[in-house]
Trainee: 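I am attaching a structure below and will ask some questions about it afterwards.
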Amino acid sequence: MNDKTIWLKTLDNIKNILDPLPFNTWFSPIEFLDIKDEKLRLVVPYILYKEHIEKIYKDLILENINKFVNNSIKDVSFILKDNLDSIIKEELEIKEEKNDNLYETESHINFKSNLNKSYTFSNFVVGESNKFAQAAALAVAENPGTMYNPLFIYGNSGLGKTHLMHAIGNYIEEKQHKKVLYVTCDQFLEDFMGLSRKNNNDNLDYMEIFKEKYRNIDVLIIDDIQFLGGASASQQEFFHTFNNLHNNSKQIIVSSDRSPEDLKALEDRLRTRFCWGLQVDISPPDYELKVAILKKKLKGEKIALDDDIINYIASNVGNDIRQLEGSLTRLVAYSCIMGETNPNVEFAMEALKDFTKKPVTDQNNIRRIQKSVANFYKISFEDIKSKKRPPNIAIPRQVAMYLCRKLTDEPFERIGIEFGGKNHATVMHSCNKIERELKNNKELQEAITAIEKELR
Ligand code: ADP
Ligand code: MG
């Protein structure tokens, strides 16, 4: 057996031991490097994977691989594929190691977690734009209060923040029987002001009730923290709640529609605290993720839809996943009312005309350009959208971005999304670079002319 086969056999063993969710999340991105000096060396995409796998699964890996090699492997090392985003790296550096000492708390009779059971990891579809957030969420769910505290999830509306937070809460409640409290920011403010009590004439001490509710828990999830706003008394109270929980190694999870740096109304000391842990963002879904989500949602419906209808929805309905779901519900309802069991694209167009403002096929155009460029340079379609940096991939990618900009009306942001979630600046930089190069580089000029010709 060669070393790679040994690793594949080990993986097979582990697959039989673990649930599919942790296995797929943590083990499928691992690449085998080699076995050297009694050490197995594996490559992982992000530091989060490295830390988490090291902490949780290292022994399992060792134990299983040693079944095939006569206990000759003494250690495993995990090597990072790419340098991590500098911000996240910084955060990880200032992160303090905490020991796993979550206090067991007895459950309260009237305690309500407010968790929505239908938001789970298993029905959260993972793609380029949300895979880091999903992995971070699962890491926290598997190990609350220890590594990434607080976890700060941000991104535009409708991209799955609330879903992920409930998934974490449900997971912790189910697997670890810890006490989880989910509240929206509004609920927190209301509780703080004692407004949720109907009877204001009783003698209850609202502050005590508040503290009882917010400090006697293992996990606090607060959604849409951007609404904490400028009210300084509530910020102060949130600050105390935060410190109290954090000092006791209780997990805090916060979501917002923007990054902590952009939460202008927030006091600096709160902003600083949000940066103690890990910040992850969710970007708008690309075409593939939209298709995957639609297919997943369709599984529960009575009606089957052809791929061309799914492709039509994915290309023409915007990036808000709520709208994507809405369009599907609408189409299913419309089909039932009209007694249409096998709708075609024209039918879908009619049913969804409120969802599709303009008949955009630009997303298709971007894909066409990506495919042509990949073809021309003989690399794969996946590579062109990836984060890989070798020049034989990076240059075609820049050419493709340049052509998207030149041949479609799409803004830099949109192009970035279709190239695996690159930001606006990266796309702009690529386009400028190719433009400059074109002036003197004959080979590049010919390549671009050839690709454009093919696209026409
Ligand atoms: P946000 O809180 O970011 O505004 P939500 O979590 O409320 O977004 O998501 C909006 C809707 O889209 C929810 O119904 C959610 O279940 C669904 N959704 C979002 N992302 C995904 C995903 N990756 N897989 C499946 N459903 C998703
Ligand atoms: Mg939300």
Side-chain angles (χ1 to χ4, degrees), residues 4 7-8 11 24-34 41-53 77-89 92 126-136 280-289 291-292 363 366-405 410 412-438 441 443-444 447-448 451:
K4 175 90 192 258
W7 168 244
L8 292 176
L11 262 188
N24 290 334
T25 306
W26 304 117
F27 285 84
S28 45
I30 296 182
E31 289 168 34
F32 173 79
L33 183 63
D34 57 10
R41 301 202 301 170
L42 300 172
V43 181
V44 291
Y46 299 114
I47 197 150
L48 171 88
Y49 288 73
K50 178 174 152 75
E51 295 200 340
H52 191 70
I53 299 170
S77 70
F78 300 93
I79 296 157
L80 277 185
K81 194 167 188 172
D82 253 324
N83 283 336
L84 200 63
D85 250 343
S86 53
I87 304 167
I88 293 170
K89 198 166 159 198
L92 291 172
V126 183
E128 271 309 311
S129 53
N130 61 16
K131 71 176 181 204
F132 190 66
Q134 187 265 359
V280 290
D281 69 323
I282 306 188
S283 13
D286 58 11
Y287 176 83
E288 281 77 15
L289 180 57
V291 169
Q363 201 162 23
I366 292 183
R367 290 163 59 75
R368 268 188 62 220
I369 293 170
Q370 289 171 328
K371 282 186 179 152
S372 288
V373 176
N375 248 342
F376 181 87
Y377 286 102
K378 304 202 169 32
I379 61 173
S380 73
F381 177 58
E382 281 69 38
D383 276 347
I384 214 156
K385 302 178 68 170
S386 71
K387 295 199 164 63
K388 294 181 188 165
R389 292 196 193 133
N392 69 320
I393 295 173
I395 291 170
R397 182 185 305 125
Q398 290 171 340
V399 167
M401 287 180 181
Y402 165 83
L403 283 173
C404 286
R405 184 65 186 166
E410 296 294 335
F412 290 125
E413 282 82 4
R414 179 75 242 167
I415 296 171
I417 289 165
E418 293 305 323
F419 279 84
K422 310 265 182 322
N423 64 27
H424 158 271
T426 310
V427 181
M428 202 156 75
H429 170 78
S430 303
C431 295
N432 289 341
K433 186 177 159 228
I434 295 294
E435 232 160 67
R436 274 198 314 272
E437 279 271 309
L438 265 177
N441 185 335
E443 201 184 323
L444 186 64
I448 288 187
I451 297 166

Trainee: Does any non-hydrogen side-chain atom of Leu11 lie less than 4.5 Å from one of Ile30?
Mentor: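 Of all side-chain heavy-atom pairs linking Leu11 with Ile30, none is under 4.5 Å.
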
Trainee: With ring pair (Phe, Tyr, Trp, His ring centres under 6.0 Å) as the rule and sequence neighbours excluded, what pairs involving residues 367-400 come up?
Mentor: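 For residues 367-400: none.
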
Trainee: Provide the closest heavy-atom pair for Pro396 versus Val373 in the form atom of the first, atom of the second, distance.
Mentor: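 Distance-wise, the nearest heavy atoms are O-CG1, 3.4 Å.
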
Trainee: Measure the CZ-CD distance between Arg41 and Glu31 for me, rounded to the nearest 0.5 Å.
Mentor: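 Taking CZ in Arg41 and CD in Glu31, the distance rounds to 14.0 Å.
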
Trainee: Is there a side-chain contact between Leu289 and Glu128, using heavy atoms and a 4.5 Å cut-off?
Mentor: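 Not touching, per the 4.5 Å side-chain cut-off.
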
Trainee: Which atoms form the tightest heavy-atom contact between Ile384 and Ala374, and what is the distance?
Mentor: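 The pair with the smallest heavy-atom distance is CD1-N, 3.8 Å.
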
Trainee: Looking at Arg367 and Glu288, is any side-chain nitrogen of the basic one under 4.0 Å from a carboxylate oxygen of the acidic one?
Mentor: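 Counted as a salt bridge, because a side-chain N and a carboxylate O are separated by less than 4.0 Å.
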
Trainee: Identify, with sequence neighbours excluded, every residue that meets salt bridge (charged side-chain N to carboxylate O under 4.0 Å, His left out) alongside Glu435.
Mentor: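 So Glu435 forms no salt bridge (charged side-chain N to carboxylate O under 4.0 Å, His left out) with any residue.
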
Trainee: If you round to the nearest 0.5 Å, how far is CD1 of Ile448 from CD of Glu437?
Mentor: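 Those atoms lie 9.5 Å apart.
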
Trainee: For the CD1 atom of Ile366 and the CD atom of Glu418, what is their distance to the nearest 0.5 Å?
Mentor: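 The CD atom of Glu418 is 5.5 Å from CD1 of Ile366, to the nearest 0.5 Å.
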
Trainee: With rounding to the nearest 0.5 angstrom, report the NZ to CD1 distance, Lys385 to Ile393.
Mentor: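 One finds 15.0 Å between NZ of Lys385 and CD1 of Ile393.
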
Trainee: In the structure I gave you, are the side-chain heavy atoms of Leu42 and Trp7 within less than 4.5 Å of one another anywhere?
Mentor: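 Result yes, sub-4.5 Å side-chain heavy-atom pair found.
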
Trainee: Over all heavy atoms of both residues, which pair between Ala133 and Asp281 is shortest? Give the atoms and the distance, please.
Mentor: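 It is CB-O, 4.2 Å.
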
Trainee: Give a yes-or-no answer on whether the side chains of Ser372 and Asn375 include a donor-acceptor pair shorter than 3.5 Å.
Mentor: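 Side-chain D/A pair, Ser372 to Asn375: absent.
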
Trainee: Can you list everything that forms a ring-ring contact (aromatic ring centres under 6.0 Å, His included) with His429? Sequence neighbours excluded, please.
Mentor: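 ring-ring contact (aromatic ring centres under 6.0 Å, His included) list for His429, sorted by chain: empty.
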
Trainee: Hey, can you tell me if His52 and Trp26 have their rings parallel, tilted or perpendicular (30° and 60° cut-offs)?
Mentor: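 Plane angle between 30° and 60°, so tilted.
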
Trainee: Does the side chain of Phe78 come within less than 4.5 Å of Ile53's, by heavy atoms?
Mentor: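 Yes, at least one pair of side-chain atoms sits under 4.5 Å.
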
Trainee: Yes or no on side chain to side chain contact (heavy atoms under 4.5 Å, CB included) for Arg397 and Lys422, after CA distance, side-chain angles and deciding distance?
Mentor: CA-CA 11 Å; Arg397 182 185 305 125; Lys422 310 265 182 322; 4.1 Å; yes

Trainee: How long is the gap from OG1 on Thr426 to CD1 on Ile415, to the nearest 0.5 Å?
Mentor: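 Between atom OG1 of Thr426 and atom CD1 of Ile415 there are 12.0 Å.
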
Trainee: Donor-acceptor pairs are to be reported for all side-chain atoms of residues 398-405 against protein atoms at under 3.5 Å, with residues two or more places apart or in another chain.
Mentor:
from, atom 1, to, atom 2, distance (Å)
Gln398, OE1, Lys433, NZ, 2.9
Arg405, NH1, Glu410, O, 3.1

Trainee: What distance separates Leu8 CG from Phe32 CZ, expressed to the nearest 0.5 Å?
Mentor: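 So the gap between those two atoms works out to 8.5 Å.
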
Trainee: Could you check whether Gln134 and Asn130, counting side-chain N and O atoms only, form a donor-acceptor pair closer than 3.5 Å?
Mentor: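 The answer is no; no qualifying pair exists.
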
Trainee: By side chain to side chain contact (heavy atoms under 4.5 Å, CB included), which residues pair with Ser283, not counting sequence neighbours?
Mentor: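 Ser283 satisfies side chain to side chain contact (heavy atoms under 4.5 Å, CB included) with Ser129 only.
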
Trainee: Please step through side chain to side chain contact (heavy atoms under 4.5 Å, CB included) for the pair Glu413 and Val427, ending with a clear verdict.
Mentor: CA-CA 8 Å; Glu413 282 82 4; Val427 181; over 6 Å; no

Trainee: Please collect all salt bridge (charged side-chain N to carboxylate O under 4.0 Å, His left out) contacts where either partner lies in residues 370-383, sequence neighbours excluded, each pair once.
Mentor: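 Every salt bridge (charged side-chain N to carboxylate O under 4.0 Å, His left out) pair that includes a residue of residues 370-383, provided the two are not neighbours, is Asp383-Lys388.
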
Trainee: How about Ile79 and Val44: do any of their side-chain heavy atoms sit closer than 4.5 Å?
Mentor: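 Side-chain contact under 4.5 Å: no.
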
Trainee: Do the side chains of Cys431 and Phe412 get nearer than 4.5 Å, heavy atoms only?
Mentor: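 Result yes, sub-4.5 Å side-chain heavy-atom pair found.
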
